[in-house]
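Shown next, in structure tokens, is the structure this report addresses.
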Amino acid sequence: LTNLEYLLVQNTSLLGPIPDEVGRLSALIELHIKENIHMVSSIPAAFGGLTDLTSFYGDYGYWTGIIPTEIGFLTRLRTLSLSYAYMNFSVHIPTEI
């Protein structure tokens with residue numbers, strides 16, 4: 001899966017957090033993790049390894065924890081969408097973003 005460029009996880013019955021292994025998909029350009037009402041997760045710090053990522057869609061999700069400063073490593077990121085998401089972040093948005 002190291003050459004995977006697009007990943008869509010939408011409207012599933014998956015439970016639990018997003019695994020850190022997603023951060024190893026170094027060729028990923030677009031990541032859609034949306035409309036998964038049973039998935040309660042933080043944004044993994046491992047996402048900082050997705051240096052080719054241009055778009056992240058977390059719409060209608062349930063996001064907790066903190067927004068990791070590693071997100072600031074995503075210099076190609078142009079779209080970050082958390083529309084209609086429930087966000088329970090315990091700190092502010094890092095200045096690295």
Side-chain angles (χ1 to χ4, degrees):
L1 293 175
T2 56
N3 294 321
L4 188 68
E5 294 182 345
Y6 301 92
L7 178 59
L8 172 62
V9 181
Q10 180 176 355
N11 200 19
T12 69
S13 295
L14 294 175
L15 298 172
I18 299 167
D20 286 339
E21 289 78 11
V22 173
R24 296 186 192 142
L25 302 173
S26 58
L28 210 57
I29 295 171
E30 283 195 23
L31 177 57
H32 300 254
I33 301 177
K34 56 187 188 176
E35 299 176 29
N36 298 296
I37 60 171
H38 302 292
M39 183 183 290
V40 177
S41 182
S42 62
I43 297 174
F47 276 18
L50 302 175
T51 55
D52 286 341
L53 196 68
T54 61
S55 302
F56 173 62
Y57 296 89
D59 307 325
Y60 293 94
Y62 188 100
W63 300 103
T64 63
I66 64 170
I67 297 176
T69 58
E70 290 83 357
I71 295 297
F73 299 148
L74 305 179
T75 58
R76 296 183 181 183
L77 191 65
R78 298 292 174 257
T79 303
L80 174 61
S81 179
L82 297 170
S83 298
Y84 301 101
Y86 175 80
M87 292 179 280
N88 185 16
F89 293 117
S90 60
V91 298
H92 66 284
I93 297 173
T95 58
E96 291 85 356
I97 301 174

For the residue pair Glu30 and Leu53, establish whether any side-chain heavy-atom pair is separated by less than 4.5 Å. no

At their closest point, which heavy atom of Trp63 faces which heavy atom of Gly58, and how far apart are they? NE1-O, 3.0 Å

Would you name the heavy atoms of Ser26 and Asp52 that are closest together and state the gap between them? O-OD2, 3.5 Å

Is any side-chain heavy atom of Gln10 less than 4.5 Å from a side-chain heavy atom of Glu35? yes

Check whether the ring centres of Phe56 and Phe47 lie less than 6.0 Å apart, and answer yes or no. yes

Test side chain to side chain contact (heavy atoms under 4.5 Å, CB included) applied to Thr54 and Thr79, step by step: CA-CA 6 Å; Thr54 61; Thr79 303; over 6 Å; no

Pairwise side-chain contact, Ile71 with Phe73, heavy-atom cut-off 4.5 Å (strictly under): no

Roughly how far, to the nearest 0.5 Å, is the CD1 atom of Ile43 from the CD1 atom of Ile33? 9.0 Å

Should Met39 and Ile18 be marked as a side chain to side chain contact (heavy atoms under 4.5 Å, CB included) after you check the CA-CA gap, both sets of side-chain angles, and the distance that decides it? CA-CA 8 Å; Met39 183 183 290; Ile18 299 167; 3.8 Å; yes

Stepwise side chain to side chain contact (heavy atoms under 4.5 Å, CB included) test for His38 and Leu14: CA-CA 6 Å; His38 302 292; Leu14 294 175; over 6 Å; no

Quick check on the hydrophobic clustering: are Tyr60 and Val40 connected, directly or via other members, by side-chain heavy-atom contacts under 4.5 Å? no

By side chain to side chain contact (heavy atoms under 4.5 Å, CB included) - contacts of Asp20 (at least two apart): Pro44, Ala46

In terms of hydrophobic clustering (I, L, V, M, F, W, Y; side-chain heavy atoms under 4.5 Å; direct or indirect links), are Leu80 and Ile67 co-clustered? yes

Kindly indicate, with the supporting measurements, whether the criterion side chain to side chain contact (heavy atoms under 4.5 Å, CB included) is fulfilled by Leu7 and Val9. CA-CA 7 Å; Leu7 178 59; Val9 181; 4.1 Å; yes

Looking at every non-hydrogen atom in both residues, tell me the closest pair between Ser41 and Gly16 and how far apart they are. CB-O, 4.5 Å

Which heavy atom in Leu74 sits nearest to a heavy atom in Gly48, and how many Å separate them? CD2-O, 3.9 Å

Residues clustered with Ile29, ILVMFWY side-chain links under 4.5 angstrom: Tyr6

Considering all heavy atoms of both residues, which atom of Asp59 and which atom of Ser83 are nearest to each other, and what is their separation? OD1-N, 2.9 Å

Taking all atoms of both residues into account, what is the closest heavy-atom pair of Leu31 and Leu50, and its distance? CD2-CD1, 4.2 Å

Ring-face cation contact, Tyr57 with Lys34, 6.0 Å cut, 45° max: yes

